[in-house]
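What follows is a set of notes on a single structure, which appears directly below.
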Amino acid sequence: MKILVTGAAGFIGFHLVKRLLERGDEVVGIDNINDYYPVSLKYARLAECGIAEEKIVQGHTVVSSKYEHYRFMRVDIEDKEAVRRLFETESFDAIMNLAAQAGVRYSIENPFAYIQSNIVGFLNLLEAARAYPVRHFVYASSSSVYGGNTKVPFSEDDRVDNPVSLYAATKKSNELMAHVYSKLYGIPTTGLRFFTVYGPWGRPDMAPMLFTKAIMAGEPIKVFNNGDLSRDFTYIDDIVEGVLRVIDKAPVSEIPADVYNIGCGHPMQLMDFIHTLEDAIGRKAEMVMLPMQKGDVYTTYADTEKLERVMGYKARTSLKEGISEFVKWYKGYFEK
Ligand SMILES: NC(=O)c1ccc[n+]([C@@H]2O[C@H](COP(=O)([O-])OP(=O)(O)OC[C@H]3O[C@@H](n4cnc5c(N)ncnc54)[C@H](O)[C@@H]3O)[C@@H](O)[C@H]2O)c1
């Protein structure tokens, strides 16, 4: 299959691209390499895939020096013309849209970035898929669409009309927009509600990396809601395996639009998470207890029954194993 992966320099995109290439797919990766977090990490991920920073020029294709079937282009999905040109020149079997302005907290600070990337950019991709049809349009949604839901675990059948951040609202909007394109134009679409993803090459704005950095430097970590929060931390390899299964199985219903949770299904109390991290690092955390933050939710907890039933897959990595892999990578990457 020939697959377009957007957000290919990002955390999940990087891992997905590698797995697709390793199983023999042809991949075109795009990313605008924005500076929401240090671009050095994005370039390092690309370099791991054989894409050298100095070869990346806007709009030009770089062929991987490591993988014969990988090409990368610096493209912004907000650029309608560039996206159209890409679809005109390539013929994709499937799209995995991971490009987005991620992060709940930053959506309080810079709401416009979310509308531009997650709504305008998303529409550009849908329009391109309408003009140049694909077999399957898969996109990242988020567990944040469950917002203030108090019923757990969160099921795909739950109502999701109570978002608590603009980020969540854009992800829910993506699900609605995709549904419309499936209904009107018959494009098979699947939205994936990822639950707090962590692992090697992870995001510097998320707790595992923020906490590890602070603990190793002997600096205090910020613990919100006095630690009374829980998250369904999901290891990156489990996410990628779920994504692969979904890409290969496009919905075939009358309106071919579907949504899946991809999560571990075992929420962890934040304090237990911190203790697991302390054990892996071999050092105690100094904690500053703070109140709940705007836009945050108390818990996330994936009901994974649908993914298991339809795709035959369930996440299998324990937090202890996953954190140990993450800390090993962190030390290797930052202490070299
Ligand atoms: N990591 C998680 O825990 C998590 C949880 C739920 C949902 N998601 C979603 O999964 C997707 C991937 O997340 P991630 O953790 O890999 O984030 P990431 O920020 O590491 O990756 C996203 C990539 O998209 C690129 N990008 C952003 N806007 C773009 C644009 N307009 N054009 C082209 N590229 C653009 C960024 O440069 C970045 O490299 C996102 O849609 C995110 O919202 C992630």
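Start at 1 and go down the list; that is how both ligands and their atoms are numbered. These numbers come from a predicted model, not from an experiment.
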- request: Would you mind checking if Arg45 and Asp31 are paired as a salt bridge, meaning a charged N to carboxylate O distance below 4.0 Å?
  value: no
- line: Thr196 heavy atoms within 4.0 Å reach ligand 1 at atoms 3 (O)
- prompt: In terms of residue, atom name and distance, what is the protein heavy atom nearest to atom 30 (C) of ligand 1?
  reply: Asn32 ND2, 3.3 Å
message: Whether Lys171 engages the ring of Tyr114 as a cation-pi pair (distance to the six-membered ring centre under 6.0 angstrom, angle to the ring normal within 45°) should be assessed.
response: no
- prompt: Lys171 heavy atoms, cut-off 4.0 Å: which ligand 1 atoms fall inside?
  reply: 40 (C), 41 (O), 42 (C), 43 (O)
task: Please work out which of Tyr114, Phe194, Phe122, Phe14 has its closest non-hydrogen atom nearest to atom 6 (C) of ligand 1.
output: Phe194
Heavy-atom nearest neighbour in the protein, as seen from atom 21 (O) of ligand 1, with distance rounded to 0.1 Å: Gly10 CA, 3.3 Å
salt_bridge(Lys331, Glu335) N-O dist < 4.0 Å: no
task: For Val197, take its heavy atoms, then give the atoms of ligand 1 lying under 4.0 Å from any of them.
output: 1 (N), 2 (C), 3 (O), 4 (C)
statement: ligand 1 to Ala140, heavy atom cutoff 4.0 Å, flagged ligand atoms 9 (C), 10 (O), 11 (C), 41 (O)
message: Looking only at protein heavy atoms, which one is nearest to atom 28 (N) of ligand 1, and what is the separation?
response: Ser117 OG, 3.2 Å
- prompt: Given the rule in the ring pair (Phe, Tyr, Trp, His ring centres under 6.0 Å) test, do Phe87 and Phe92 qualify, once you have shown the distances and angles that lead to the verdict?
  reply: CA-CA 7 Å; Phe87 277 72; Phe92 300 115; 5.3 Å; yes
message: Is there a salt bridge (Lys or Arg N to Asp or Glu O under 4.0 Å) between Lys328 and Glu325? Walk through the geometry before answering.
response: CA-CA 5 Å; Lys328 211 189 302 166; Glu325 286 304 310; 3.1 Å; yes
field: Nearest non-hydrogen protein atom, atom 12 (C) of ligand 1
entry: Leu98 O, 3.4 Å
query: Are any of the heavy atoms in Met206 under 4.0 Å away from ligand 1?
result: yes
query: Can Arg231 be said to sit on top of Phe273's aromatic six-ring, NZ or CZ under 6.0 Å from centre and within 45° of the ring axis?
result: no
field: Working for ring pair (Phe, Tyr, Trp, His ring centres under 6.0 Å), residues Phe122 and Phe137
entry: CA-CA 11 Å; Phe122 191 73; Phe137 184 112; 5.7 Å; yes
Distance from atom 32 (N) of ligand 1 to nearest protein heavy atom, with residue and atom: Ile77 N, 3.0 Å
- prompt: Quick one: does Gly121 get within less than 4.0 Å of ligand 1, heavy atoms only?
  reply: no
Pi-cation contact, Tyr313 with Arg245 (under 6.0 Å, within 45°): no
- request: For atom 15 (O) of ligand 1, find the nearest protein heavy atom and state the residue, atom name and distance (0.1 Å precision).
  value: Arg203 NH1, 2.8 Å
message: Do Ile221 and Leu210 make a side-chain contact, defined as non-hydrogen atoms from C-beta onward lying under 4.5 Å apart?
response: no
message: Side chain or backbone, does Phe195 bring an N or O within less than 3.5 Å of an N or O on ligand 1?
response: no
- prompt: Charged N to carboxylate O below 4.0 Å: is that the case for Glu175 and Arg193?
  reply: yes
query: Considering only heavy atoms of Asn34, which atoms of ligand 1 have at least one such atom less than 4.0 Å away?
result: 26 (N), 27 (C), 28 (N), 36 (C), 37 (O)
query: Salt-bridged, Glu90 to Arg71, with N to O below 4.0 Å?
result: yes
- prompt: Between Asp205 and Tyr106, does any side-chain donor sit less than 3.5 Å from a side-chain acceptor?
  reply: no
- prompt: Under 3.5 Å, N or O to N or O, is Ile12 touching ligand 1 that way?
  reply: yes
field: Residue, atom name and distance, where the atom is the protein heavy atom closest to atom 37 (O) of ligand 1
entry: Asp31 OD1, 2.6 Å
field: Part of Lys42 with heavy atoms under 4.0 Å of ligand 1, whether side chain, backbone, both or neither
entry: side chain
query: Can you tell me if Val75 has a non-hydrogen atom under 4.0 Å from ligand 1?
result: yes
message: Give the atom numbers and elements of ligand 1 that come within less than 4.0 Å of a heavy atom of Tyr37.
response: 18 (P), 19 (O), 20 (O)
- prompt: Do the charged groups of Arg84 and Glu127 touch, with an N to O distance under 4.0 Å?
  reply: no
query: What atoms of ligand 1 come closer than 4.0 angstrom to any heavy atom of Tyr167?
result: 6 (C), 7 (C), 8 (N), 9 (C), 42 (C), 43 (O)
statement: among protein heavy atoms, the one nearest atom 7 (C) of ligand 1 is Ser141 O, 3.2 Å
- prompt: With backbone taken as N, CA, C and O and side chain as the heavy atoms from C-beta onward, which portion of Ser143 lies under 4.0 Å from ligand 1: side chain, backbone, both, or neither?
  reply: neither
message: As an exercise, identify every atom of ligand 1 less than 4.0 angstrom from a heavy atom of Ile33.
response: 37 (O)
- prompt: Are Asp296 and Arg105 close enough for a salt bridge, meaning some N to O gap below 4.0 Å?
  reply: yes
query: Phe154 vs Phe195 aromatic rings, parallel, tilted or perpendicular, using cut-offs 30° and 60°?
result: tilted
query: With only distance considered, is Asp76 within less than 3.5 Å of ligand 1 through an N or O on each side?
result: yes
